[in-house]
Amino acid sequence: MVTINLTLNNFSELPALLDVFGCFGNDYEYTTQGIFRRKIPPVCSICNTPMVHNGYNPHTKQGLGEINIGRYKYSNCGRTYEEDYSFWGDLKALLFDSFNDFFKLLRYHNVSYDGISDIMEFIYPISRSTILRAFYKEMEQETVPFSENIHMVHYDEQHPKEGRCQKYRLTLLDAKTQTTIADELFEDKNPETIKEFLQKNLDPSEPVFIVTDFDKRYPDILKEIFGDKLVHQYCLMHLNKLIVSDFPKNTTIEQELLKYRLLNIFYNRENEIKFLEKLLSEELNVITNEEKHQEWSKKAKKEFNQFRHKLKLKRRRKKENLPLNSLEKAKDNFDKLMQNIRTYDETIQKRLWMINKHWLNLTLFHYLPGAPATNNPIESYYSKSLKTDNKKQFRTDKGIENQIKLTQMRRLNLLKKPQKSFLELFRLFNPFKL
């Protein structure tokens, strides 16, 4: 084992020194002058002449410390040779690799590069550009395993009646083939019933992408069954229904505009918003006269409904669905609403906080090619099989790709947890402080 010669100044640093030099054999020493070298200088491999100790070379890392690496000299020719100091590079890499893992975790939680740099001022100052370069380099090296065999399914419930007896219909639909996996009636739909139904018809050992509505019981039930193999997407159309229900039936133009801004988070509603903004500007000319304002409001709402109907017919003729916003656009729209959240009614504030809480579960469809964003197929299946009246929802491409990769890594538990805390890593440099 390496010989460590301590002084009164570094006596308390023995554990850290053993951590750094513990891998070296008995032929090495760390002197009282802080020099790391071999006790007996090596022999020249060419002329077989013994070398002699010849001082040291300092190696410094700003803000961390300095280590003195022993130097040897050939007595015949006068050439010098320095002891291997690759362990010093490994020690620095250990700390900075931990920093890189820290950066990835902060970026996963949408902390900006400027924000990370400000946080690092409290730990170890690093500039924004250095953090950005380190992060991009790390992300380019990351490979996320993608399971092409992940099972994508829709899950929903229907509540038909048999006479006066309430029944519960549980259904699983394959998202890719649109075929029914299971469709059964039950006397109740308590958590145990749902668990047994899912375990019976899906393999808990295989990855599954499942779309559901916002029933509060589902996350715990699904997590218990599938664990880390679960990808749980909330239905966006169900969310839109909840948003619409947050507004009164007879809305003002201002309320209608806010409603469509909320609907515009995930679906492209820019045309409706522009039309409503135009109406809102016209409203200022008649708002002072109550009689004219009421008459104008009726006319304006009629015009808007006709405009909305025309857009719907246009999509139908082209056989197009309502277009989804990109992940970057959705986040931008949501952030703009959150900036003014204090100006909205309490109901709207609660809805925005709910979206914020479930943001990942609302956007997971972006991360898997071909993944569904809604439960529309199973709703369509229900409407065809049992009618409703017969029963009683970055700024850069590279940044988006990295965020998607980070989310996949988090889901697959690939974001590393530190083996040592920053404090423990910094302690390793204590013996070498300048």
Side-chain angles (χ1 to χ4, degrees), residues 16 19-20 23 59-65 67 85-148 150 207 209 228-231 326-332 335 359-369 371 394-429 432:
D19 227 344
V20 174
C23 60
H59 291 267
T60 305
K61 180 59 183 176
Q62 186 177 3
L64 291 176
I67 190 166
Y85 59 94
S86 58
F87 71 90
W88 180 245
D90 295 339
L91 185 60
K92 291 185 292 183
L94 184 64
L95 176 63
F96 285 93
D97 285 346
S98 189
F99 281 160
N100 290 335
D101 293 336
F102 185 52
F103 300 156
K104 285 187 281 189
L105 190 61
L106 290 175
R107 286 298 297 153
Y108 168 78
H109 288 288
N110 299 312
V111 180
S112 68
Y113 297 109
D114 286 327
I116 297 174
S117 182
D118 289 342
I119 291 169
M120 292 303 294
E121 289 290 334
F122 290 88
I123 304 171
Y124 181 83
I126 302 179
S127 69
R128 175 191 183 279
S129 57
T130 302
I131 292 168
L132 187 146
R133 288 194 300 270
F135 174 73
Y136 271 53
K137 183 178 179 181
E138 283 290 303
M139 294 308 297
E140 286 175 358
Q141 296 172 355
E142 290 287 355
T143 55
V144 181
F146 172 68
S147 175
E148 296 183 354
I150 187 168
F209 180 103
D228 293 334
K229 297 184 181 298
L230 171 69
V231 185
S326 66
L327 183 59
E328 181 187 25
K329 180 65 174 174
K331 190 67 172 67
D332 185 57
D335 288 342
W359 182 261
L360 178 60
N361 297 98
L362 288 165
T363 57
L364 282 167
F365 69 96
H366 282 290
Y367 309 146
L368 288 173
F394 294 131
R395 301 191 183 279
T396 64
D397 291 344
K398 189 66 176 176
I400 297 171
E401 291 169 3
N402 285 339
Q403 190 62 28
I404 289 172
K405 186 182 284 188
L406 280 175
T407 308
Q408 293 171 326
M409 290 169 65
R410 178 59 178 258
R411 180 174 60 82
L412 296 172
N413 293 321
L414 295 181
L415 287 181
K416 299 175 184 176
K417 293 184 178 180
Q419 295 180 350
K420 293 179 181 290
S421 70
F422 288 149
L423 287 176
E424 291 173 314
L425 291 171
F426 280 127
R427 284 196 193 106
L428 297 179
F429 289 90
F432 316 111

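- When the side-chain hydrogen bond (donor to acceptor under 3.5 Å, both in side chains) test is applied to Asp90, no partner is found at least two apart in sequence or on another chain.
- Every pair passing side-chain hydrogen bond (donor to acceptor under 3.5 Å, both in side chains) that includes a residue from residues 118-128 is listed here, sequence neighbours excluded: Asp114-Arg128, Ser127-Ser129, Ser127-Thr130.
- Partners of Ser86 by side chain to side chain contact (heavy atoms under 4.5 Å, CB included), not counting sequence neighbours, listed by chain and number: Asp84.
- Considering only heavy atoms from C-beta on, Leu94 comes within 4.5 Å of Leu428 through its side chain.
- Remark: Asp335 pairs with Lys331 by the side chain to side chain contact (heavy atoms under 4.5 Å, CB included) rule, at least two apart or across chains.
- Residues satisfying the side chain to side chain contact (heavy atoms under 4.5 Å, CB included) criterion with Ile119, sequence neighbours excluded, are Phe102, Leu106, Val111, Ile123.
- Residues satisfying the salt bridge (Lys or Arg N to Asp or Glu O under 4.0 Å) criterion with Glu138, sequence neighbours excluded, are Lys104.
- In this structure, the ring of Phe103 has its center no less than 6.0 angstrom from the ring center of Tyr113.
- Phe426 and Phe429 have their aromatic ring centers separated by at least 6.0 angstrom.
- Listed by chain and residue number, nothing satisfies the salt bridge (Lys or Arg N to Asp or Glu O under 4.0 Å) test with Lys92 (two or more places apart in sequence, or in another chain).
- Contact between Leu327 and His366 at its shortest, heavy atoms only, is N-CE1, 3.4 Å.
- Residues passing the side-chain hydrogen bond (donor to acceptor under 3.5 Å, both in side chains) test with Asp19, sequence neighbours excluded: none.
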| said: side chain to side chain contact (heavy atoms under 4.5 Å, CB included) for Tyr367 and Leu360? Distances and angles first, verdict last. | reply: CA-CA 10 Å; Tyr367 309 146; Leu360 178 60; 3.8 Å; yes
